[in-house]
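These notes concern the structure reproduced below.
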Amino acid sequence: MLIDVLGARTVPLISPEYNDRRMNERHRGRTEGDCNAIAGAEGKCDAYALLSVAVSLDGCIGLPGYRPLTISSEEDRVAIERLRSFSDAILIGAGTARSDDPRLGIRSAARRTGRVLSDMSAEPARVVITASGDLSTDLRMFRMDGARTMILTSDDRIRSWGGDLPAHVELISVEPLTVAACLRRLSEMGMRRVMIEGGARISGDVLRSGCAEVLRISVSPMIVGSQEAPRIHGGLPWSSPERIAYSLHEVEALGDTAVLHWIRNGLPHPSAVFQPRSDAQWLAEAIELSKRCTISAGAFSVGAIIVSASGQVLSESYSREISPSSHAEEGAIARARAGGHIIAGATLYSSLEPCSVRLSGRKPCVNHIREAGITRVVFAASEPASFVQCDGKRLLEAAGIEVMVIERLAFAVAEVNAHVWPHR
């Protein structure tokens, strides 16, 4: 499924009734409760980290000399951006910064807007760890000032720092300079969900310390074939072969890449944390899903996601996915039923207002929603009268279903449907 991110397949005014914070608190409360239950003597779970790393079949993460190598499939790279959008910070090592020069940003305007509507920054903080301080100010993550950018290093390195940094880049001392200590420092700064995009050294540190709750390892059908190529353990010495304290949770196929999800022993389901935190973020993901639709000159492209009251994704679909005439909402409902899920009481997120009439004469999505027992519907844009006159919102409300319209995301729906959207 699209939104269950650790088990995945791969501006007008906001409406008055919209209350993003309410949904935010509903999901956040469950997450913190789950974390606190396993926090042990500390009694509080301040941070939750996910290590994401891509490796070849022979365990390499790059070419000799730490030269960059594209390992993951395009589908896997899309999933990585989705995970980034749910994170407070993205943490990398200096080696990755130098070799890959990543931007560490979110390209999707809908996702950025969803974060802002969730009282978050438009993009997660960009964080790099360096012991040497050997970082060029020409790196892309330093040239783009749209997000908070930090360099974590030692006191000595800060005192001897030689180059000028852009004004928006912060130098922050961490002692000792380990991944675990850096995560604690980020937690103190209010960054509770940290995605670690691992290079060799930082991945080895995470594996040795067990400081990430989730390991997301992407394995692609590629052989590097060099003893000098960097590997996931980062060259750190291990006294003897040992099994690390993680359990395999799920394996998924994203293009030709197999993604293995490992959870640190004793933790709850990881998607309770790395998932959307509000109605706005769920809706942004439905909009992203609509981009997968086959373009039709006679129909809109729509994405729909059904989420239970506890925050579990029950199903998803998009227009014309199941058949040439299928609608996103009816497809998501049919898929949830086929999976044996209880839909009653769930929320349906649809990029576009559910239809009340169809040119084909088939049952409109409003009827499917009522019959399924869905109690909340959230959408971004009212359906234009390009094909029929839609009265979905009124009919849903008349049936006692709560309807929420997040109009500040309507621009993204119009962009996806530019081929049929009326000119303004």
Side-chain angles (χ1 to χ4, degrees), residues 2 11-18 109-110 113-114 117 279-280 282-307 315-334 346-372 374-424:
L2 175 70
V11 183
L13 293 176
I14 205 164
S15 62
E17 67 267 33
Y18 175 66
T113 302
L117 292 175
D279 285 320
W282 284 112
L283 188 54
E285 293 306 316
I287 294 170
E288 290 300 310
L289 182 59
S290 72
K291 295 177 181 178
R292 298 169 62 179
C293 297
T294 302
I295 298 298
S296 169
F300 295 106
S301 294
V302 181
I305 302 160
I306 300 176
V307 181
S315 65
E316 58 163 31
S317 188
Y318 52 89
S319 302
R320 299 173 291 285
E321 179 193 18
I322 296 175
S323 73
S325 60
S326 66
H327 282 201
E329 300 93 332
E330 69 171 329
I333 291 170
T347 296
L348 182 141
Y349 297 91
S350 178
S351 57
L352 190 65
E353 179 182 14
C355 66
S356 58
V357 61
R358 297 171 69 166
L359 289 176
S360 65
R362 297 174 62 179
K363 182 189 297 185
C365 291
V366 164
N367 291 23
H368 286 291
I369 292 168
R370 288 189 305 213
E371 293 168 6
I374 289 170
T375 55
R376 296 179 72 244
V377 173
V378 182
F379 66 86
S382 299
E383 181 178 330
S386 301
F387 308 111
V388 299
Q389 190 69 43
C390 182
D391 199 18
K393 180 177 184 294
R394 186 188 67 80
L395 292 176
L396 289 171
E397 290 177 332
I401 296 171
E402 178 187 352
V403 179
M404 194 171 289
V405 184
I406 307 180
E407 293 182 346
R408 285 184 61 182
L409 284 167
F411 77 94
V413 180
E415 288 177 356
V416 173
N417 289 282
H419 60 294
V420 291
W421 207 259
H423 296 293
R424 302 197 177 203

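When a residue number appears, it is its place in the shown sequence, counting from 1.
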Legend entry - Distance (rounded to the nearest 0.5 Å) between Leu409 CG and Thr113 OG1: 6.0 Å

Legend entry - Ser351 (side chain) donor-acceptor with Gly303 (main chain) under 3.5 angstrom: yes

Legend entry - For Gly114 against Ala280, the heavy-atom pair lying closest together: O-CB, 3.7 Å

Inset, instruction - Output yes when a side-chain donor or acceptor of Glu321 lies under 3.5 Å from a complementary backbone atom of Ala328, and no otherwise. - result: no

Inset, instruction - Using distance alone, with no hydrogens and no angle criterion, decide if Ser325 and Arg362 have a side-chain donor and acceptor under 3.5 Å apart. - result: yes

Legend entry - Point-to-point distance, once rounded to the nearest 0.5 Å, from OH of Tyr318 to OG1 of Thr294: 7.0 Å

Inset, instruction - In sequence, state the C-alpha distance, the side-chain angles, and the governing distance for Arg408 and Leu117, and then conclude on side-chain contact (heavy atoms from CB on, under 4.5 Å). - result: CA-CA 9 Å; Arg408 285 184 61 182; Leu117 292 175; 3.6 Å; yes

Inset, instruction - Before giving the answer on side-chain contact (heavy atoms from CB on, under 4.5 Å), spell out for Phe300 and Ser386 the whole-Å C-alpha distance, their side-chain angles and the decisive distance to 0.1 Å. - result: CA-CA 9 Å; Phe300 295 106; Ser386 301; 3.8 Å; yes

Legend entry - Whether Arg320 side chain and Cys293 backbone form a donor-acceptor pair below 3.5 Å: no

Legend entry - Non-hydrogen atoms of Phe387 and Ala299 that approach each other most closely: CZ-N, 3.6 Å

Legend entry - Nearest heavy-atom neighbours spanning Ile322 and Gly331: CD1-CA, 3.5 Å

Legend entry - Ser350 side-chain N/O to Glu353 backbone N/O, donor-acceptor pair under 3.5 Å: no

Inset, instruction - Show the numbers, then the answer: is there a side-chain contact (heavy atoms from CB on, under 4.5 Å) between Arg376 and Ile401? - result: CA-CA 6 Å; Arg376 296 179 72 244; Ile401 296 171; 5.7 Å; no

Inset, instruction - Working to the nearest 0.5 Å, report the span between SG of Cys365 and CD of Glu383. - result: 9.5 Å

Legend entry - Side-chain heavy atoms of Val357 within contact of Cys390, under 4.5 Å: no

Inset, instruction - Answer with yes or no whether the side chains of Arg394 and Ser356 bring together a donor and an acceptor at under 3.5 Å. - result: no

Inset, instruction - Keeping the roles fixed (side chain from Ser290, backbone from Val302), state whether a donor-acceptor pair exists under 3.5 Å. - result: no

Legend entry - For the student: nearest non-hydrogen atoms of Ser326 and Glu330, plus distance: CA-OE2, 3.4 Å

Inset, instruction - Quick one: closest heavy-atom pair of Ala297 and Val420, and the distance? - result: O-CG1, 3.5 Å

Inset, instruction - Sort out for me which residue in His327, His368, Glu371 forms a side chain to side chain contact (heavy atoms under 4.5 Å, CB included) with Ile333. - result: His368

Inset, instruction - To the nearest 0.5 Å, tell me how far Glu397 CD sits from Asp391 CG. - result: 10.0 Å

Inset, instruction - Dump the intermediate steps for side-chain contact (heavy atoms from CB on, under 4.5 Å) on Trp282 and Thr347, then the final yes or no. - result: CA-CA 10 Å; Trp282 284 112; Thr347 296; over 6 Å; no

Legend entry - CG on Leu289 to OG on Ser301, rounded to 0.5 Å: 10.5 Å

Inset, instruction - Indicate yes or no: at least one non-hydrogen side-chain atom of Val388 is less than 4.5 angstrom from one of Arg358. - result: no

Inset, instruction - Could you tell me whether the side chain of Glu316 and the main chain of Ile305 form a donor-acceptor pair under 3.5 Å? - result: no

Inset, instruction - Using modelled atom types only, decide if a donor and an acceptor are shared between the side chain of Asn417 and the backbone of Val413 within a distance under 3.5 Å. - result: yes

Inset, instruction - Compare all side-chain heavy atoms of Leu348 with those of Phe379 and state whether any distance is below 4.5 angstrom. - result: no

Legend entry - Side chain proximity check, Val307 to Tyr349, heavy atoms < 4.5 angstrom: yes

Legend entry - Gap between atom CD1 of Ile369 and atom OG1 of Thr375 - 0.5 Å precision: 11.5 Å

Legend entry - Distance-minimising heavy-atom pair for Gly392 and Val366: CA-CG2, 3.7 Å

